[in-house]
Amino acid sequence: MTMTAVLGDFLRPARAHITAATRSGGDLPLPARRAVITELDRLVTTMTRYLDDLALADDFTPASVANPEMQAALNGRLALRRAAASLHPAAAAVREAGADHAHPAAEHVSAANSYLAAGRDLLHTHFTTGPAGQPTGSTWWAPVITSPPVTAALTAELAACSRQLGAWTAQLSRTGSLHAGLPAGASQGLRAASRWLRAAASTVHSAHRPDPPAAGRRLLAGIPAGFPPLRQPPGNAEPVPDLCAGISVTAERLRHAVRAFAGQGSWSPAANSTSWRRHALASAITGHASELTLRILSERAGHLDLSPAIRAQLASASEAFSQVWPAFRAIARHWDTISTGAPHGPDTSPVAAEIDDLVLRTGRLAYDNHHWTPDRADASPARNPADLAATVSDLRAALGAVHHTIDAISRITACDTDAVRDAVSGSRLYLPTRLMPEHYDIPFPYAPAPPAQAAQLLGCYDTAATATRRAALALDKLAVTTGSPSGMLAFARHSADSPLTSRQPAHGYRRQTQAQPTPLPGVLQPRAGKVEDILHSLLITNPGMLLRAAAIDEAARDLIANAEASSRSRDSINQPPQRKPATPSRAAAAAARDLPQAPGGGQQVRLTAPAAAATSSHAAARVPHSSRTQGAAN
Amino acid sequence: MTSQRPHPQRATRTSLNQRAASRQVDGIPEISGITTRLRDAHSLPDTLAAGFEAFEAVRQLARGCEDAVPGLFAAFMTAADAAIDGRDAITIAPALPPDRRGGAGVSMPQASVPVEEMADAMAGLSAVLTDRLSRAAAIAATGADRAACTEAAQAAGRICHLMARDDHDRRPW
C-alpha cells in the first residue's frame, strides 16, 4: 500500500550521506576538495534556511531568554548563518578552478543537500501565503510543525549535522593549507565555517541534555507531505493488516478533506444537510463497529496476557466509545426532519464522498466477513479475537486503526458543529411542511425549523464533539502505552495545542539573507560586528563567546535598523506636506486668462520675456485676483 | 427501547437470528396498508403522495429497529438515511398534492413482530416503491417530476438492497 512521504524519508538519508561524506576524511585531491567546498556552501545554506523559516522571538527578549529551547534555536540559527556566510567566499574563491563533482565525497554532500532541500519543500506544503503575505497553516500538521517538541527536534537534527560537518570542515581546512593548492581565502573560510558549525552543534546540544524528547523526534520524522495520500478504495477480502493500513490512509484523506472544507459552511453548496447527515450516519456506524473492535481487543489482551494497565485502558476506551455512536445516532435522528431545504443538485462534501471507505473498513475489521457492508445480507458475527490480533503487534495495529478512525471522526465533528452553528445562526434550517401538523397552512414544501429544534440539534453536536474528544484522548493514551504506530496522533494533538513558533513570511528569509554580508570577491570573512571584533582582538576562540558576541552585534544592528525606520517615519509625519508644484503650462494658462487682452486683437500682452513669463506666472497665481488685475492695469 | 451495545462474545456470533427474534417492533399492518395504497395509486400525484408516506413509514420503522440487533445496526441506520433521501426527493416534486397525510406515520412499538419480519416487510415495501416510482418517472410530464421520481426510486432501491435477506434477494438497482 502506497504511503505518503514523510520528513524522515529525507532527513535520514541526508544524515547518512553526511556521515558517508565525512568518512572520506580531509585528505582529498584538490579538484575534489574544490567541489566539496562548493557543495558544502549549498548544504549549509539549506540547513540555515530550515531555521530561517521559523519566526522566532527576538534575541535578548524575555521570550527568548527565559526559554532554553527558543534560545537554542536562535543560537543555532545565528551560528548556521555565520557558517554559511563563511562558506560563501570560500566557494567563490574556488569557483573558477577545476572541480571534481563526481568524487564520492562531493556527491554525498550534494545528495545530502538535495534531501534536505526536498525535506524543506515538504514542510512548506503545510503552509500557504495569507492575504498579508504571512504563512498560514493549511493542514492539521501546521501547528505541529511549529510546536516546541518539533522545533526542538529540528534544531537538534541540524545540530547533529553541524557537528559532523564542523569536524570534517576543520580537517578540510587543515589539509587545505596554503601548501596544498587551495586559495588562502578558501582555507580561511573553511576554518571559520568549522568554528560556527561546531558552535551551532554545541549551543543546541546544551539546550537538550542529552537529547530532545523522543516524541518530538518521532513527530519530526513522521511529518507527511501536506497533501492527502492516494485514495485506496476498499478491496475484496482485505486481510487485517491491509484493513488497518487502509483505515489510516482513509483517515488521513478525511483529515485533509475536513481541513479543506472547514470554513466553507456559509457559502459552499456542499455545506448542506445531506452532507452533515451522511457524516453523522457514517460516524455512528464506524463508532459502533469500533466499539466492537475495542471489546474484541480487550478480550484478546487477556488471552495475550497483556499488563493489567493496558487492559484497564482498553476497557476505559471501550466505555468512551460506547458514548460516541449513540451521540451520532441522536444527530442522525434530528436530521430525519430538519434539512437545509430543497436539495439543489448532487453537491456533497468531500468528506461525504469518501467516508464510506472508512465505514466499510471499520466494519470489516470488527465483523467476521471480508465482504461486510451495511446490508442486512452481510450482517455477520463479531470477528474472532485471535483472528483480529494474533500477536501483540497485530493488536497494536488494530488499535492504531481505531485510533485513526476516532481522530478523523473527531475532526469531522468539530468542523460540522461549526458549520451547523453557522446554518442555525443564518436561519438556514427547515422542516418539510408536509410533516407539520395540519393546522399549519404553509404553501411551500419547507418552513423554517423552530428555534428549539435547531438548538436541540446543536446540543447533540456538542455532545458528540465531547464524546469523540474523550474517546480520542482515551485512544491517545492507549496508543502511547502500547507503542502503537498511531501514537503520533497523540503527540501531534498535544503538541499542536502549544505552538512555539510561527513560520517566517516568505520575504523574511530574503530580508535576513540580504542583511548578511554579500560575498564579494576578495572578502574572505563574514563581516564581524564590533563586539565580535573586540573578542577577536582579544584572541578569543571560544565558540560560545563568539556566538554571544555575534548575537549582540546582530541584535544591535536590528535595533539600529528599527530606530532608523522609526526616525524616518517620524520625520515624514512632522514635515509639512509638500505642495506639488503646478506644471508651468497649466499655471501659465491660468495667469494668462487673468491678463488684459490687447485692444482690438486676440493677442495677449507680453509683459516679460518668454523665459520669465512662466516664473512670474507662479507668483501671479498666488496673489489675489483683484490685486493682479490692478497691477496689470497699472 | 433500550440501546444495546455491540458485543464480541460468541453469543453474538452464533445467535444473531435468535436474538433478532426476541426484539420486536410493530408496523406490519401499517406497511400493508401503505403498500396497498401505493399499488392502488394510478396517477402521478397519488403515487407521489403514497410514496412520501411509504418513505416516512420506512424511516420510522428503521429507526425503531436500529437498536434491536447489534449486527443490523448499520443496515437499519442506512435504510433510514435512504428513506430520508427518497422522501426529500418527493417533497419537491411539483405534482405532489398539498395534503399532509404523509405526516401520519406508523405506530410502534406496540405489537409483537420479529425484527427480521420487519426487515422483510421494509424490503417488500421498498421493492413496490421502486417499481411504482420508476413507472411514475416514465409518465411524468415535467422534468422536475421525472427527476424526483427517479431519485426517489433509486433511494427505494437502496432500501430494498439493504433490507434483502440474502444475496439471492439482492438485485441491482
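By convention in this document, chain letters (A, B, ...) are assigned in the order of the sequence lines, proteins followed by strands, and residues within each chain are numbered from 1.
- In this view, A:Pro234 and A:Glu238, A:Asp357, A:Leu360, A:Arg361, A:Arg364 satisfy the side chain to side chain contact (heavy atoms under 4.5 Å, CB included) rule, not counting sequence neighbours.
- In terms of heavy-atom proximity, A:Arg333 sits nearest to B:Asp67 at NH2-OD2, 4.4 Å.
- The CG atom of A:Leu435 lies 5.0 Å from the CD atom of B:Glu56; values are rounded to the nearest 0.5 Å.
- The OG1 atom of A:Thr274 sits 9.5 Å away from atom CD1 of B:Ile84, with the distance rounded to the nearest 0.5 Å.
- In terms of heavy-atom proximity, A:Arg434 sits nearest to B:Pro97 at NH1-O, 2.5 Å.
- The minimum heavy-atom distance linking B:Glu116 with A:Arg376 is given by the pair OE1-NH2, 2.6 Å.
- By the ring pair (Phe, Tyr, Trp, His ring centres under 6.0 Å) test, B:Phe73 is found to be paired with A:His288, A:Trp325, residues two or more places apart in sequence or in another chain being considered.
- Heavy-atom pairs under 4.5 Å with chain A peak, among B:Ala80, B:Ala119, B:Ala79, at B:Ala119.
- Using a 4.5 Å heavy-atom threshold, the side chains of B:His161 and A:Thr373 count as separate.
- For A:Arg470, the CZ atom is loosely surrounded, since the number of other residues' heavy atoms within 6.0 Å does not exceed 12.
- For the pair B:Arg87 (side chain) and A:Asp336 (backbone), a donor-acceptor distance under 3.5 Å is present.
- Closest approach of A:Asp375 and B:Ala75 over heavy atoms only: C-CB, 4.2 Å.
- In this structure, B:Leu162 and A:Pro374 have side chains that are in contact, with non-hydrogen atoms separated by less than 4.5 Å.
- The shortest heavy-atom contact between B:Gly71 and A:Ala379 is O-CB, 3.5 Å.
- Contact record, B:Arg63 with A:Ala332: NH2-O, 3.4 Å, taken as the closest heavy-atom pair.
- We find the CG-CH2 distance between B:Asp88 and A:Trp335 to be 11.5 Å, quoted to the nearest 0.5 Å.
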